[in-house]
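Right, one structure below, let's go through it.
Whatever order the structure lists ligands and atoms in, that order sets their numbers, starting from 1.
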Amino acid sequence: MTHVGLREAMSTLRAARRLRLDPIPDEVLRRVLEAASWAPSGGNRQPWRVIAVRERSRLKRLGELYAEVWKPYAAGYPRDGNLAASLRAGDHLAEHFGELPVLVVFCFNPTQLAITDAHLGRPSVVGGASIYPAVQNLLLACRAEGLGCVLTTLLCQREPEVRAILSIPEPWATAAAVPIGYPVGRGHGPISRRPLDELVYGDCWGEQLEALETRR
Ligand SMILES: Cc1cc2nc3c(=O)[nH]c(=O)nc-3n(C[C@H](O)[C@H](O)[C@H](O)COP(=O)(O)O)c2cc1C
């Protein structure tokens, strides 16, 4: 296992969409899945399960579905701007989605979610907080193992077909699909994010946090 500090792993965890088709050793796959299992969830109910899909025929069908959703999604973005490289990598992922060594599909049970914001008349997000920390743990663990990966959600649009391909029982539903493989080239690397003072306030909305200023 590569030794990558947690801060380095977090600060270089960018989407890796160009992945090699080589298999992932079972013990490595087990370690990244175990990291997912350590995530917190509302009431510690762990209302998620993962299906680590390695069977070629199921992967192929999921890959076809992903490509069908990716194409119209990607067509909505211009190819000449700063998204061009990501879109090309996205095309590559869509072309090979069904050939990768493993696709980790996160499922969740809506009846087991702790949802504290359902009554507010805006899109509810709290339920997802019992699922996506596990996804992030998996991504970070992949980063530490030298594996490339990317959180994808486009397949959720085709949940009925995914349910049939993977025999997911009601009321379980799909939250994300993470393709994993050893990266082509560098894989994870520098990320581009908003500066901290755009994201963090002190004491109330819009106020600068002094701790950020002293770092300048
Ligand atoms: C909720 C969510 C859904 C995403 N869905 C997809 C997806 O379906 N396909 C894909 O290629 N990337 C997907 N991504 C990856 C994002 O595009 C990526 O994290 C973002 O553009 C930042 O890129 P970077 O991590 O390489 O800096 C998703 C990310 C998140 C957090």
Mark yes when over 12 heavy atoms from residues, nucleotides or ligands other than R56 sit less than 6.0 Å from its CZ; otherwise mark no. yes
Residues in ring pair (Phe, Tyr, Trp, His ring centres under 6.0 Å) with W205, at least two apart? Y201
Any donor-acceptor pair under 3.5 Å linking the side chain of D117 with the backbone of V125? yes
Inter-residue atom distance L87.CG - N82.CG, 0.5 Å rounding: 9.5 Å
Contact list for residues 95-105, test side-chain hydrogen bond (donor to acceptor under 3.5 Å, both in side chains), sequence neighbours left out: H96-E99
Strictly by side-chain hydrogen bond (donor to acceptor under 3.5 Å, both in side chains), give each pair with a member in residues 161-187 just once, sequence neighbours left out. R158-E161, E159-T174
Set of residues that line ligand 1, where lining means a heavy atom lies under 4.0 Å from it: R14, A15, R17, Y66, V150, L151, T152, T153, L154, R193
